[in-house]
Amino acid sequence: MKHKAPRGTKDVLPTDMPAWHHLENVFEALCRAYGYAEIRTPIFEDVEVFIRSVGEESDVVQKEMYTFTDRGGRVLALRPECTAGVSRAFIEHGFHNLPQPVKLYYRGPMFRYDRPQAGRQRQFYQMGIELFGSTDPGSDLEVIKFTSAFFDRLGFKGLQLHLNSVGCRECRPPYQERLKEVVEPRKAALCPDCQKRLQDNPLRLLDCKVPGCQVALQGVPRIDEHLCAFCAAHFEAVKTRLDLLGIDYLLDPRLVRGLDYYTHTAFEFVSQSLGSQYSLGGGGRYDDLIEAFAGPPTPGVGMAVGVERILLAMEKEGLSLPPAELEGVFIAAAPAAMANEGLVLLYRLREAGLRAEADYMGRSLKAMMKHAHRGKYRFAVILDEETRERGVWKIRDMAVGAQREYSYEELLAYLLGQRVEDRA
RNA sequence: GUGGGUGUAGCUCAGGUGGUUAGAGCGCCAGGUUGUGGCCCUGGAGGCCGUGGGUUCAAGUCCCAUCACUCACCCCA
């Protein structure tokens, strides 16, 4: 084969679409209920947008970005996530002048240059929400509850919600210093990556999975024990609200998340059935992000879920989609009829918005019936020499096999008036 | 970026130690006594055996490279 989809990308085929649409429909129904409005931002931005938001030191920026220079010499990058772009748009369009909070949702492809694996692609789809303008713990709760409701409606059982607070610019730096001090003497026991992290981004030490590092880090100070008064109170308030709504969570002091803009609440929904790419979605609070873009200080909290990964998990857990209904009309007509009244009927039905199809392949009646069956059409209209002579139209209900004859007017009234719900 | 596994029809997979015209199931197409789907039966189409080199009289089979997928690391959706 000469050309294949580029490494780490996938075609989403017509047969995949029912599952995709199901996810999108469930997500958008929640957005409506929760009051989120859609925004679509460009698929690429100035690299700076991502460096400033996601973080210079993050893996995403360091080694996973698709960066390129356009013909005008602009340095751009395909978006590795969408919070940065949405935040940029928030400032650019003066959304801080709107009644707060401003609640936005998005969906679309993201790009990360990473080694592909099941559940990890170079182009993948995320759907996410952002709530700007409030520090109220209720807004953290809303975002988490939204995510949890989303997974519930898809039929997930047993997903785990990991929860942590990563502090704020008041309490995180002192904590990071403490961490450095404590870990420094044990430096020799750490993996090379962690030795580097100790310098650049000590928080990331915490979620290293190398066994040696975990041992070396035992008894290290926990961030949830070093939060400032504000952060501690905020975290408590979020937890209280989760309890109130009966949402189970697992406190995970090692949950750090790789995007540097997070402050306070960080959370992640984790699947047991997925191997190492187990995170189905996550998010948190980012109170300094808008300011980092030179916008007016504006807190925010948001989340994103990964479409392909959810689909994988649903398949593994045997979660079914709503069954496909029989729908529409297949016109099984002899050639002479199809050149005349069959053609007229076909477009009459289509103009009325019905799913209607006829044969272009010169099939026999038997083959057309089979085709109508496989194509999941509800009705077959059968036109042959005999029905033409008698001036009647045969219609067959494929669901039950019942068949009857109508005049043209009756047929139209039946198909258009009652749509396709009732039986022949 | 590091290490392991895999790569044969549209799909899921068979093809001991290299040996003629590469198979099955599903799907697709056609037919089963002059045109009515589902079940069943029969037949047909469809494969540069991922790609490129090499070894050999002979390679789907062995070797090397490359690409892709996959698992783990890493990272995260």
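Comparing the same atom, P, in C29(B) and in U20(B) gives a spacing of 35 Å after rounding to whole Å. A45(B) and A22(B) have their P atoms separated by 14 Å, given to the nearest Å. Between G27(B) and A65(B), the distance separating the two C1' atoms is 36 Å to the nearest Å. Nucleotides C73(B) and A14(B) are separated by 26 Å at their P atoms, to the nearest Å. G19(B) and G60(B) have their C1' atoms separated by 13 Å, given to the nearest Å. The same atom, P, is picked in A9(B) and in G23(B); the two are 14 Å apart, to the nearest Å. Comparing G38(B) with U21(B), their P atoms are spaced 39 Å from each other, to the whole Å. The separation of G46(B) from G25(B), taken at their C1' atoms, amounts to 15 Å, rounded to a whole angstrom.
Both distances falling under 3.5 Å, in either a Watson-Crick or a G-U wobble arrangement, occur for no nucleotide opposite A22(B). With a cut-off of 3.5 Å on both pairing distances, A9(B) has no Watson-Crick or G-U wobble partner at all. Under the Watson-Crick or G-U wobble criterion, with both distances below 3.5 Å, U51(B) is paired with A65(B). With a 3.5 Å ceiling on both atom-pair distances, C76(B) lacks any Watson-Crick or G-U wobble partner. Base pairing analysis places G43(B) opposite C29(B); the two distances defining the Watson-Crick or G-U wobble pair are each below 3.5 Å.
Among residues two or more places apart in sequence or in another chain, the ring-ring contact (aromatic ring centres under 6.0 Å, His included) test is passed with Y175(A) by H226(A). With sequence neighbours excluded, the residues that form a ring-ring contact (aromatic ring centres under 6.0 Å, His included) with F330(A) are H371(A), Y377(A). Qualifying ring-ring contact (aromatic ring centres under 6.0 Å, His included) partners for H234(A), counting only residues two or more places apart in sequence or in other chains: H264(A). Residues passing the side chain to side chain donor-acceptor pair (under 3.5 Å) test with R112(A): none are found, sequence neighbours excluded. With sequence neighbours left out, the ring-ring contact (aromatic ring centres under 6.0 Å, His included) criterion links Y36(A) to F146(A). In this view, R52(A) and E48(A), F293(A) satisfy the side-chain contact (heavy atoms from CB on, under 4.5 Å) rule, not counting sequence neighbours. Residues passing the salt bridge (charged side-chain N to carboxylate O under 4.0 Å, His left out) test with D11(A): none are found, sequence neighbours excluded.
For the segment residues 361-376 of chain A, residues with any heavy atom less than 4.0 angstrom from an atom of RNA chain B are, sorted by number, R363(A), S364(A), L365(A), K366(A), A367(A), M369(A), K370(A), H373(A), R374(A).
In this structure, E142(A) pairs ionically with K103(A), as a charged nitrogen and a carboxylate oxygen lie closer than 4.0 Å.
Picking from C74(B), C69(B), C71(B) the nucleotide with the shortest atom distance to the side chain of P116(A) gives C69(B).
Atoms CG (L161(A)) and P (A77(B)) sit 14 Å apart, rounded to a whole Å. As rounded to whole Å, 14 Å separates atom C1' of A72(B) from atom CG of D114(A). R122(A) has its CZ atom 12 Å from the C1' atom of C69(B), to the nearest Å. Distance, R7(A) CZ to U66(B) C1': 12 Å, rounded to whole Å. Going from atom CG of D59(A) over to atom C1' of C76(B) covers 9 Å, rounded to whole Å. Nucleotide U2(B) holds its C1' atom 11 Å from the NZ atom of K63(A), rounded to whole Å. Rounded to an integer number of Å, the gap from CZ of F111(A) to C1' of A77(B) is 14 Å. One atom, CD of E130(A), and another, C1' of A77(B), lie 14 Å apart when rounded to the nearest Å.
Nucleic acid contact for G8(A): sugar-phosphate only, since backbone atoms but no base atoms lie under 4.0 Å from a heavy atom of the residue. Note on A334(A): a base of the nucleic acid sits closer than 4.0 angstrom, heavy atoms only. As judged by a 4.0 angstrom heavy-atom cut-off over every strand, Q121(A) is placed among the base-contacting residues. Residue G128(A) is classed as having no contact, given no heavy-atom separation below 4.0 Å to the nucleic acid. In this structure, L280(A) reaches the sugar-phosphate backbone alone: every heavy-atom distance under 4.0 Å involves primed, P, OP1 or OP2 atoms, never a base.
If you check the side chains of H22(A) and E24(A), you find no donor sitting under 3.5 Å from an acceptor.
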So which protein N/O to nucleotides 43-48 of chain B N/O distances come out below 3.5 Å?
none

Distances under 3.5 Å between protein N/O atoms and the N/O atoms of nucleotides 3-10 of chain B, please, pair by pair.
| from | atom 1 | to | atom 2 | distance (Å) |
| --- | --- | --- | --- | --- |
| G3(B) | O6 | R115(A) | NH2 | 3.1 |

field: T298(A) vs E291(A), side-chain hydrogen bond (donor to acceptor under 3.5 Å, both in side chains): CA-CA, chis, key distance, verdict
entry: CA-CA 7 Å; T298(A) 307; E291(A) 217 178 329; over 6 Å; no
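Comparing P6(A) and R120(A) against RNA chain B, the residue whose closest nucleotide sits nearer the 5' end is P6(A). Projected onto RNA chain B by closest heavy-atom contact, G281(A) and Q117(A) fall at different nucleotides, the more 5' of which corresponds to Q117(A).
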Show me, pair by pair, the donor-acceptor contacts under 3.5 angstrom made by side chains of residues 350-369 of chain A, not counting sequence neighbours?
| from | atom 1 | to | atom 2 | distance (Å) |
| --- | --- | --- | --- | --- |
| R350(A) | NE | A356(A) | O | 2.9 |
| R350(A) | NH2 | A356(A) | O | 3.1 |
| R350(A) | NH2 | E357(A) | OE1 | 3.0 |
| R355(A) | NH1 | E327(A) | O | 2.9 |
| R355(A) | NH1 | G375(A) | O | 3.1 |
| R355(A) | NH1 | K376(A) | O | 3.3 |
| R355(A) | NH2 | G375(A) | O | 2.9 |
| D359(A) | OD1 | M361(A) | N | 3.1 |
| D359(A) | OD1 | R363(A) | NH1 | 3.0 |
| D359(A) | OD2 | M361(A) | N | 3.4 |
| D359(A) | OD2 | G362(A) | N | 3.0 |
| D359(A) | OD2 | R363(A) | N | 2.8 |
| S364(A) | OG | A367(A) | N | 3.1 |

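Stacking annotation: F124(A) is stacked on the base of A77(B) (ring centroids less than 5.5 angstrom apart, interplanar angle below 30 degrees).
With W393(A) as reference, Y408(A) is the one residue of F379(A), Y408(A), Y406(A) to meet the ring-ring contact (aromatic ring centres under 6.0 Å, His included) rule. The only option from D288(A), T135(A), V301(A) that meets the side chain to side chain contact (heavy atoms under 4.5 Å, CB included) definition with T263(A) turns out to be D288(A).
The ring pair (Phe, Tyr, Trp, His ring centres under 6.0 Å) analysis of residues 331-357 of chain A, with sequence neighbours excluded, yields no pairs.
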